[in-house]
Structures are given as C-alpha cells and as structure tokens.
Amino acid sequence: MSDKRDYYEVLGVSKDADEKDLKKAFRSLARKYHPDKNDAPDADEKFKEIQEAYAVLSDSEKRRSYDRFGHNSPGGSPFGPGGFQGFNINLDDILGGDFFSNFFGGGGRRRSPQSQGNDILVRHEVSLKAVLDGNKDEMELDLPAKCDDCEGTGAKDGVTSQCVECDGAGQVRIRQQIGPFVQDSVRACPHCEGSGRKYASRCKSCSGDGTQTESQVLRFSIPKGAQDGTRLRMRGKGQPAPHGKGTSGDLFIEIIVEEHPWFERNGMDLIMSLPLGYSDLALGTSIELPHIDDKPLVIKVPARTNSGDTITILGRGVPSARGLGRGDVVVLCKLHMPKKFDKKSKKSLEDLRDDLAGSKDLIDRVIDDAEERRR
Ligand SMILES: [Zn+2]
Ligand SMILES: [Zn+2]
C-alpha cells in the first residue's frame, strides 16, 4: 500500500486543484495512456492509476478522506476490500467527451436526448474459475427493442406527419430575457418531444412508446483475469432511440466475480488463511486442497512455522488481464485454537508446558521477541 504514488502526483496537479484542473489533467493523461493508444507494457497499469487517482480526487468526500489519511484511510480502500478495479473505458468515450457523465455522474449520457437511446447496465455473476479460463458465456435477457408495428415511432402503422410547431426540426429556439441580457437557447420542441413528427393515433402494440420487449441471448467472453466490476460494452444493445430516430444506446455487462469459499483476491494473487493445529505448525505438514485450475494445490508447511507466517505458491493465482502469466497463491498460516480440550489432551499439554516454552526464562523470551520485531 505504502509504495503507491500520491494521487496528486499521478495527475500532475497541485493540492488545491479544482474540479476543472482535475478534469483537464485526467483527460490529457487518459488520452495518452489509454491501452488502445499506447503500446507500452505499463500503459495498462498507468491508465488504471490515473483512473483511480481521478476517481478519488473528483469525489469530494473521498478526496477529503485522502487529504487527511493518504492511502491509509481508516475505512480501507474507498473502493471496497478489493481495492480499485478500474473501469472498462472505451476510447471513444474519452475522446467523445461523454465519458464523465457515464462513469462519474452516475446518470445517463448527456447527448442530444433525441438521437441516442439510454444505456443499460446489467450485472452478471461468474465464478473465479471462469475468470481463470476466460470462458465463453451467455445470458438471456428481456431487452427493449424497436416496436415492429410502428418502427419505433409510436404512431399507429408508423404513420406520422411533420410537426408544425417546429417545421419538423424537432428543436425550437427560445429567447429569454435575464436582467439586461437576452439569451437564446435551443430546446427540444415540446409539441413533438424533439422528434419533429406528430401522429394522430398511437400504435396499439406499444401504447405509443415505440419499444417492445424482446428476449435476446447475448453471447460474450469473460475476459481472462476480469475483476469484480469489469464492464463489457455491447454497442447498440441498449435502449432504442426515442421515436425510432437515431442510434440505440449501449448495453454494459458488469462482471461480478462470485465469492470463493476461502480465497480473497488481491489483483492477480489469491490469498487464504490456513488454520493449523500446534503440532502441524511445529512439526511441519503437507496439505492438499482442490484448486480453481483443477490441479490440487499442495501446501508444504515447513517445521517450526509461526502463526502469521506466509507461504507463497507461485503461478497458481489469477491470470493477468494482459495475458502475461498468473499471480500467486499466498497462504497465511494461523494457529488453530480448539474451542476446548478433552482431559487427555489437557494432561499431555500440561506435561509439555515447560518443553514448549523453551529453556530460556520469561524475561529473556520477551527481550528476544522484541529484538526480532525491531529487526
Ligand atoms: Zn409501436
Ligand atoms: Zn415539433
């Protein structure tokens, strides 16, 4: 955690940068380091770092907490126990400029409301194993689609006529007097809701809404190494544009990675704790667990392992999103303390009490331990 770069430094802005400065810095860096544009091997990491810094500093609450506590805020990572997972950002979004409303404003996109349908977000749960294998997957969904009977216009048989209020432009110019100023603004025509068309009677199939629900099967691949919250974009699978004019929105599939019975995930690494009896820690043991790659995970616990020691098993973690190898499994050994001992065990432990404590007297042990800790 502590070798993380300062968020202000990442974005190259001063501590008192305002919203505009942040946005400007983020945009120019995001353009530079977006993995689609930058082939450098660390572009992906850089891009994520930039996103994370911006996500924190652009949120006033997160920023306040960061200013006070740095990376060690008392509630842990502001992004939950898994830390920051990044967004799947399409380059068009950054260059096109509607990126902010999509990902940071939380609301729909702010394009002209007449020409673009809304985006849809669905969540899809996958197993950790699916993330390892990069499986093909599919889901069946009821999605809004253009009404067949009216071609999305909402008019009976699709028969519409030009709106006379706006001459079919769909927009009206409004002149407003604000104090000494006269302001002209363009708004969607209120008579035709910006479509430029009007109809006498509405389509019965969709009650004039222009959409119908269609069951669709979406097929997609789970990206190898996907994190909780990774988003896949399916262009044009979102809400159809209003009145049948313009392009449909996009559909985002947000990957939710199922909780594993014992692993926590830390980037590419899998972390688990292993409670062992005193004898296993003292004498060493070998343990076999079923693993997500279908090969048993063999954990060799050496003799005289301390509670709190870790064992790293290389290359058995989660694959990297860039396809370069796999992370590790990190096993935290713990002393398992039974709820109670039976008489016989108690007696045996009693007999061993002095033995287990070692030959040194208590003060020496306390001093040894302090020295060890301070090394
Ligand atoms: Zn219809
Ligand atoms: Zn009109």
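- Summarising the geometry, atom OG belonging to Ser273 is positioned 11.5 Å from atom NE2 belonging to His336; distances are rounded to the nearest 0.5 Å.
- Remark: the backbone N or O of Asp269 is not paired with any side-chain donor or acceptor of Asp328 at under 3.5 angstrom.
- Within the structure, no pair that satisfies the side-chain hydrogen bond (donor to acceptor under 3.5 Å, both in side chains) test touches residues 274-284, not counting sequence neighbours.
- Salt bridge Arg64/Glu61: absent, no basic N to carboxylate O contact under 4.0 Å.
- For the atom pair Arg5 CZ and Leu11 CG, the distance stands at 9.0 Å (nearest 0.5 Å).
- Judged by distance alone, the side chain of Asp250 and the main-chain N or O of Gly238 form no donor-acceptor pair under 3.5 Å.
- Take Asp67 and apply the side chain to side chain donor-acceptor pair (under 3.5 Å) test, not counting sequence neighbours, and it matches Tyr8.
- Remark: the Tyr66 side chain and the Asp6 side chain contain an N/O donor-acceptor pair separated by less than 3.5 Å.
- Between atom NE2 of residue His243 and atom NZ of residue Lys198 there is a gap of 11.0 Å, rounded to the nearest 0.5 Å.
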Evaluation steps, side-chain contact (heavy atoms from CB on, under 4.5 Å), between Thr211 and Cys206: CA-CA 6 Å; Thr211 60; Cys206 63; 5.7 Å; no

Which donor-acceptor pairs under 3.5 Å do side chains of residues 289-304 form with protein atoms, sequence neighbours excluded?
unit_1	atom_1	unit_2	atom_2	d
His291	NE2	Arg316	O	2.8
Asp293	OD1	Lys295	N	3.1
Asp293	OD1	Arg316	NH2	3.2
Asp293	OD2	Arg316	NE	2.8
Asp293	OD2	Arg316	NH2	3.3
Asp293	OD2	Arg326	NH1	3.4
Asp293	OD2	Arg326	NH2	3.1
Asp294	OD2	Lys129	NZ	3.2

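- Every residue meeting the side-chain contact (heavy atoms from CB on, under 4.5 Å) condition with Asp369, not counting sequence neighbours, appears here in chain and number order: Arg373.
- Annotation: Gln212, atom CD; neighbour count of heavy atoms from other residues, nucleotides and ligands within 6.0 Å is above 12.
- The closest donor-acceptor contact from the side chain of Asp361 to the backbone of Ile363 lies under 3.5 Å.
- In this structure, the side-chain contact (heavy atoms from CB on, under 4.5 Å) partners of Met139, at least two apart in sequence or on a different chain, are Val122, His124, Leu141, Leu218, Phe220, Ile253.
- Here the straight-line distance linking atom CG of Leu274 with atom CG of Asp309 works out to 12.0 Å at 0.5 Å rounding.
- With hydrogens and angles ignored, the 3.5 Å screen pairs a side-chain donor or acceptor of Asp18 with a backbone N or O of Lys20.
- Atom CG of Leu251 sits about 7.0 Å away from atom CE of Met234, to the nearest 0.5 Å.
- For the residue pair Ser345/Asp342, the side-chain donor-acceptor check at 3.5 Å is satisfied.
- The hydrophobic cluster containing Val330, built from Ile/Leu/Val/Met/Phe/Trp/Tyr side-chain heavy atoms closer than 4.5 Å, also comprises Ile271.
- Arg365 places a side-chain N or O within 3.5 Å of a backbone atom of Ala357 that can act as its donor or acceptor partner.
- A salt bridge between Lys48 and Glu45 is absent, with no side-chain N of the basic residue lying under 4.0 Å from a carboxylate O of the acidic one.
- The line from CD of Glu125 to OG of Ser127 is 9.5 Å long, rounded to the nearest 0.5 Å.
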Applying side-chain contact (heavy atoms from CB on, under 4.5 Å) to Arg231 and Arg233, what does each step give before you reach the verdict? CA-CA 6 Å; Arg231 284 179 179 187; Arg233 165 188 289 226; over 6 Å; no

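- Between His260 and Trp262, the ring planes lie perpendicular to each other; the angle is over 60°, past the 30° to 60° tilted range.
- Between the side chains of Ser207 and Asp209, no donor-acceptor pair is found at a separation under 3.5 Å.
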